[in-house]
Amino acid sequence: MIPLILYASETGNAQDVAERVSRSFRAAGRKITVQSMDTFPISSLIHVPLLILITSTHGRGDPPPAMTSLWKALLRSNLPEDILEDVHFTLFGLGDSSYERFCYAGKILARRMEGLGANKLAEYGWGDERSPNGIEDALIPWLKQTLDTFLPYLPVSPDYSPISSTDLPLPIYSLTPIASSSTSKRKQKEDGLDIPLEGLSISSIPNGHSASEAPTRVEDALHHESNGVIKPDDWVWATLRKNKRVTKEDWWQDVREIELEFEDEDVKPYLPGSICSLQPQSNQEDVNTFLEMMDLESQADIPLQVEALLEEQPLPQHLPPSDKPTTLRSLLTNHLDLRCSPRKSFFEWLRRLSPDEREQERLDEFIDDPDEIHTYATRPSRTIVETLADFRNSKIPLSHILEILPPLRRRQFSIASSWDAHPGNVQLLVALVEYKTNLKVPRRGLCSQWLDQLTVGIKLPIHISPPTLFLPPNPDTPVILVGPGTGVAPMRALVETRVKQGAIENTALYFGCRSEYADFYFSDEWKKYGEMGVNIQIAASRDQEEKVYVQHLIKENKEEVQEWLVDKGGHVYISGSSNAMPREVREALAWCISKEGAGDFTEEEAKEYVERMFEEKRGGEESW
């Protein structure tokens, strides 16, 4: 009996927790499997006797994308109430208590599991980023309880040898030169190429192979990949047609309009509000610095096979599959993140690796006190490469590099175009992340730096995910769209769709920017749509002495808001930063339909009405 950990991660934190939990089980001599929820065959869930669920929360308490398929399957109305009666589980949720729906995805998942008959084996844990020590305050006691509960049910591996927390465990993945990898040898036999040396001659041609065709060298095959990028099966190729700055050159923020053209003419049209994923690449300066510091320069370009060493543990989805040759340089460029700030688990790894007493003492301080990690790494956004420069005696061996370095996350962007208005193309509105840390060090996000360097004409793999915002099926239903800043991206796609549907007179857009001079995105289009009859409201917050935001304009149009949302059963959609904006917009909507505004509801009734709109899918929110 092997326990299964299923995680759903948005920023990588839930995956990091899942891997920490798995290491604790393996350190106790037990086998365990770790998988992302979206890679697990859902029909097999009923056959999992011991299960650990770990999930973050997305947006306004929604399940993260990796949990969506599992969640939809569990919500099917025809499932028997005891279908999961043989499953014994616990759960750890990650969240931020400053949000209204703290750890909500984990809470609804636990409730649904129990509703389908699953047995709660240990108390749930709720990690809070706002806690004095972050999620550690909840994770450490939860993990101890989980181990105490699960371990008695599990046999100890026959080859188990206890190690201390500062000893380096055996690797669970391998990077093997192509010529000596087990997969390569097996494939040679399957292809009839496993020929004894004494049987070789100039005229020897294996059965099924033509004398006129020489096999392609692995090195050559690697160089013919598009920038070393491996396209997953469910991604498509697209060509970059535009990478244009749309904010003024003298403005503090660099916002880009990105346009991508599908290479395949038969690609399925996407729905308005869909999501586009991009896979950024690491900066080559970071890659070269890492290789030099780890003394791995001589191994950087050797063709390698990635393989799982444990039968029960598949390769994680961020790594290339075993049948795709790669190199260490390609892994560092396309699959592993050198730019993110190190988490506690990274310092635990360095503690196992460092032979230097002073480094060991400093690393012990980090591990014992999460606030030390926050001060050293998180607050100044210190990167993994910069951290390794401070701990120069710690060398990450090739054998463990896939476990120690975190995955290079895909970045998701709301599509700013509709298929009808821009067939065969995807348009994005992306703000490049640039800032100074508390150490006054200028920073640029990994994806931002990558996007900035992309040249028109380059070919990129992209993935299109279904939308989270859905327009009402009846064009006669009024729709209010609220999208300040780059949050206007999906709203533009929805406006284009409503215009196509002939729903001009009952569509309103509230767009917020700082200045009509500097960051008024799609200004010409809003002017055109306004002249056509769409209610376009612009809140340029810094263009007058007193700041004006979208929620102020909503209140100014209280009669229309009351009529559209209450009298005509309209829909409302909010997109943008997940700070106070979404809450303040909902409060403004509630004010409009209250007695204080233009409606008949009490203050409490108005708030309940707006919340019910979102529950009933008459409202949608996409925030980040």
Side-chain angles (χ1 to χ4, degrees), residues 8 10 38 58-60 62-69 71-72 231-243 255-280 409-431 447 451 460-473 475 479 481-483 485-501 503 507 509 511 521-522 525 571-578 614 617-624:
E10 183 76 5
D38 57 356
H58 174 66
R60 192 173 175 266
D62 299 319
M67 179 178 147
T68 302
S69 296
W71 181 238
K72 287 182 177 178
K231 181 184 74 64
D233 292 339
D234 56 342
W235 288 47
V236 296
W237 288 110
T239 302
L240 182 67
R241 294 303 182 197
K242 182 190 290 186
N243 185 358
V255 176
R256 300 294 178 90
E257 186 177 323
I258 307 290
E259 183 168 5
L260 297 153
E261 181 182 12
F262 289 109
E263 188 175 83
D264 186 354
E265 294 181 358
D266 297 326
V267 70
K268 183 180 177 182
Y270 56 84
L271 296 173
S274 293
I275 310 296
C276 177
S277 293
L278 302 177
Q279 179 62 68
R409 292 186 301 106
R410 300 162 180 176
R411 296 335 195 243
Q412 293 186 322
F413 301 96
S414 300
I415 296 178
S417 53
S418 68
W419 181 273
D420 288 333
H422 310 274
N425 288 269
V426 166
Q427 296 183 350
L428 309 175
L429 187 67
V430 181
C447 186
L451 279 173
L460 302 170
I462 67 173
H463 180 264
I464 306 299
S465 301
T468 58
L469 306 176
F470 295 92
L471 286 172
V479 167
L481 307 170
V482 186
T486 54
V488 79
M491 301 310 170
R492 176 178 180 248
L494 298 183
V495 168
E496 290 177 342
T497 302
R498 295 281 288 180
V499 170
K500 173 77 173 178
Q501 293 174 339
T507 300
L509 169 71
F511 168 63
Y521 313 131
F522 308 120
E525 294 181 31
H571 289 220
V572 62
Y573 303 95
I574 305 169
S575 176
S577 174
S578 61
F614 284 88
K617 304 304 180 185
R618 284 178 53 211
E621 182 180 311
E622 190 174 279
S623 55
W624 52 87

How many angstroms lie between [atom1] in [X] and [atom2] in [Y], if you round to the nearest 0.5 Å?
{"X": "Glu259", "Y": "Ser417", "atom1": "CD", "atom2": "OG", "result": "7.5 Å"}
{"X": "Leu428", "Y": "Leu451", "atom1": "CG", "atom2": "CG", "result": "8.5 Å"}
{"X": "Leu278", "Y": "Leu460", "atom1": "CG", "atom2": "CG", "result": "7.0 Å"}
{"X": "Thr507", "Y": "Met491", "atom1": "OG1", "atom2": "CE", "result": "12.0 Å"}
{"X": "Phe614", "Y": "Glu621", "atom1": "CZ", "atom2": "CD", "result": "6.0 Å"}
{"X": "Leu240", "Y": "Leu260", "atom1": "CG", "atom2": "CG", "result": "5.5 Å"}

Taking all non-hydrogen atoms of both residues into account, name the closest pair between [X] and [Y] and its distance.
{"X": "Arg411", "Y": "Pro280", "answer": "NH1-CG, 3.9 Å"}
{"X": "Ser418", "Y": "Ala493", "answer": "CB-O, 3.8 Å"}
{"X": "Asp234", "Y": "His463", "answer": "O-CD2, 3.0 Å"}
{"X": "Ser575", "Y": "Gly487", "answer": "OG-O, 3.0 Å"}
{"X": "Thr68", "Y": "Pro63", "answer": "OG1-O, 4.5 Å"}
{"X": "Gly485", "Y": "Phe511", "answer": "O-CE1, 3.5 Å"}

In chain order, what residues pass the salt bridge (charged side-chain N to carboxylate O under 4.0 Å, His left out) check against Arg410, with sequence neighbours excluded?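 With neighbours one apart ignored, the set is empty.
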Note to self: Could you work out, with salt bridge (charged side-chain N to carboxylate O under 4.0 Å, His left out) as the rule, every residue matching Arg618, not counting sequence neighbours?
What the structure shows: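 Partners of Arg618 by the salt bridge (charged side-chain N to carboxylate O under 4.0 Å, His left out) criterion come out as none, since no residue qualifies.
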With heavy-atom distances below 4.5 Å as the criterion, would you say the side chains of [X] and [Y] are in contact?
{"X": "Val255", "Y": "Thr486", "result": "yes"}
{"X": "Pro232", "Y": "Gln279", "result": "no"}
{"X": "Val236", "Y": "Pro461", "result": "no"}
{"X": "Ile415", "Y": "Cys276", "result": "yes"}
{"X": "Glu622", "Y": "Ile275", "result": "yes"}
{"X": "Val479", "Y": "Pro472", "result": "yes"}

Check the pair Val426, Ile464 against side-chain contact (heavy atoms from CB on, under 4.5 Å), reporting the backbone distance first and the verdict last.
-> CA-CA 9 Å; Val426 166; Ile464 306 299; 4.1 Å; yes
- Query: Should the pair Glu496-Arg492 be classified as a salt bridge under the 4.0 Å nitrogen-to-oxygen rule?
  - Reply: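 Answer for the salt bridge query: yes.
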Check your understanding: Looking only at atom types and distance, does a side-chain atom of Tyr270 sit under 3.5 Å from a main-chain N or O of Ser465, one as donor and one as acceptor?
Key ->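 Checked: no pair found.
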Discussion item. Could you walk me through whether Glu257 and Phe522 satisfy the side-chain contact (heavy atoms from CB on, under 4.5 Å) test, starting with their C-alpha distance in whole Å, then the side-chain angles of each, then the deciding distance to 0.1 Å, before giving a yes or no?
Written reply: CA-CA 10 Å; Glu257 186 177 323; Phe522 308 120; 3.9 Å; yes
**OP:** Quick one: do Val267 and Trp419 satisfy side-chain contact (heavy atoms from CB on, under 4.5 Å)? Show the steps, please.
**Re:** CA-CA 11 Å; Val267 70; Trp419 181 273; 3.8 Å; yes
Determine whether Lys231 and Trp237 satisfy the following criterion, side-chain contact (heavy atoms from CB on, under 4.5 Å), listing intermediate values before the conclusion.
CA-CA 8 Å; Lys231 181 184 74 64; Trp237 288 110; 3.4 Å; yes
